[in-house]
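Step one of this worksheet: look at the structure below.
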Amino acid sequence: MVFRLIPAVCLALLLQGCSSLFFYPMEPWVQNPARQGLDYEDVVLIHPDGLRIHGWWLPARGTARGTVYFLHGNAQNISTHLMNVHWLPERGYNVFLLDYRGYGLSEGDPDLEGAQADIQLGLDWLAQSRRLEGAPLVLFGQSLGGAMATGVLARERNDGFVDCVMLEAPFASYRDVASDVMARSWLLWPLRWMVLPTLPARANDPERHVAELAPRPLLILHSKEDPVVPYQQGRRLYAAARPPKTFQPLKGGHTQSVRDPAVRDRLVAFMQDNECAARPAAPAEQRGSAPAEPEQAPAPVSESGAEARAAPVSGYRF
């Protein structure tokens, strides 16, 4: 559903020109984690501006190998995006899912500045809650969530806090991805010159900040068949990043990769192989045992562009 509603509301927002064009929140829940057999806690964070921001904490089963901070795309809420991460507690990872303002039970109206403030609020809570217990912290952002997280993680105050970064179907530029969506509509294409200048400035683009994520290990995943965010947007963001970085081509629809067990193994292998140990304060003995190396995983493309392992026949079932 990411960006599908842009044509319907673009004319209404044309004269307003605001970053809310990217946000399509849903308040009602579809489910909660208990319906997936998961233990969970409701987490309510109070933003300095007074808004209540809601999230879920999913504890790992057994000894936690780390924590994944999950940031969803621009539509629906955490009750629908839960299925992207519900498998992680079984693999030994805590998960913290956050709804941006205006989504689910989170108060307020979403825009780029506010949503990034909510992402920062979640990071601050993780830092102060003592739930990490010295284990690695991994940020996993999909689509708009990944794009926004890039700007937040590049802030000096967050330097060295997150250990690994995984971005699925991110884009390099807010204006360019909106331009691509508008180009698909004969009605909106002639209006590009009026709409695009009102969207977030180039200085906010993820490609302007992604290099600052280094030396955190970075994994970017993107489907060549993505009908929403063009594959070249992911490649462009990867090109702007600094090592250590890995690009994982995918197949199938937009942000649908984790339906495939082989892609789940790929994410776990990335976290395992990089030890997610950017923080000096996390000694190895506190990290717990490492997960077993998966027998099969999709073929990553390394910095040199070479394939490290063959893609399984069973991979990419969408």
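All residue numbers in this chain count up from 1 along the given sequence. Remember, predicted model here, so these are calculated numbers, not experimental data.
For Asp109, the CG atom is loosely surrounded, since the number of other residues' heavy atoms within 6.0 Å does not exceed 12. Within a 6.0 Å radius of CZ in Arg155, more than 12 heavy atoms belonging to other residues, nucleotides or ligands are found. Taking a 6.0 Å sphere around CZ of Arg52, one finds it holds 12 or fewer heavy atoms contributed by other residues, nucleotides or ligands. Heavy-atom neighbours of Gln31 CD from other residues, nucleotides or ligands within 6.0 Å: above the threshold of 12. Counted within 6.0 Å of CG on Asp49, heavy atoms from surrounding residues, nucleotides or ligands total more than 12; the atom is thus considered enclosed.
Taking 4.5 Å as the limit, every side-chain heavy atom of Gln142 sits out of range of all side-chain heavy atoms of Leu221. Contact check for Asn32 versus Trp56: side-chain heavy atoms found under the 4.5 Å cut-off.
Asp99 and His72 are linked by a side-chain donor-acceptor pair at a separation below 3.5 angstrom, with hydrogens and angles left out of the test. Side-chain atoms of His47 and Asp118 form no donor-acceptor pair, as typed in the model, at a separation below 3.5 Å.
A salt bridge does not link Arg236 to Asp205: none of the charged nitrogens lies less than 4.0 Å from a carboxylate oxygen. For Arg264 and Glu90, the salt-bridge test fails: no basic side-chain N is under 4.0 Å from an acidic carboxylate O. Between Asp265 and Arg91 there is a salt bridge, since at least one side-chain N of the basic residue sits less than 4.0 Å from a carboxylate O of the acidic one.
The aromatic rings of Phe22 and Tyr174 lie perpendicular to each other, with more than 60° between the two planes, well past the 30° mark. Note: Phe23 and Tyr103 have perpendicular aromatic rings, judged against thresholds of 30 and 60 degrees for the angle between ring planes. Note on ring orientation: taking the six-membered ring where Trp is involved, the planes of Tyr231 and His222 are perpendicular (angle over 60°, cut-offs 30° and 60°).
Remark: the backbone N or O of Glu275 is not paired with any side-chain donor or acceptor of Asp163 at under 3.5 angstrom.
Cluster annotation: Trp87 and Leu82 are assigned to the same hydrophobic cluster (Ile/Leu/Val/Met/Phe/Trp/Tyr, side-chain heavy-atom contacts under 4.5 Å, transitive).
What you find for Ser106 and Arg101 is that their closest heavy atoms are CB-CA, 3.9 Å. In terms of heavy-atom proximity, Thr255 sits nearest to Ala169 at CG2-CB, 4.0 Å.
Screening Val95, Leu58, Asn94 for a side-chain contact (heavy atoms from CB on, under 4.5 Å) involving Thr67 leaves a single residue, Asn94. With Tyr69 as reference, Leu98 is the one residue of Leu98, Val138, Val165 to meet the side-chain contact (heavy atoms from CB on, under 4.5 Å) rule.
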I would like to know whether Asp273 and Arg266 meet salt bridge (charged side-chain N to carboxylate O under 4.0 Å, His left out); could you show each step before the answer? CA-CA 10 Å; Asp273 293 346; Arg266 178 71 186 96; 5.3 Å; no
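The distance from atom CE of Met148 to atom NE2 of His209, rounded to the nearest 0.5 Å, is 13.5 Å.
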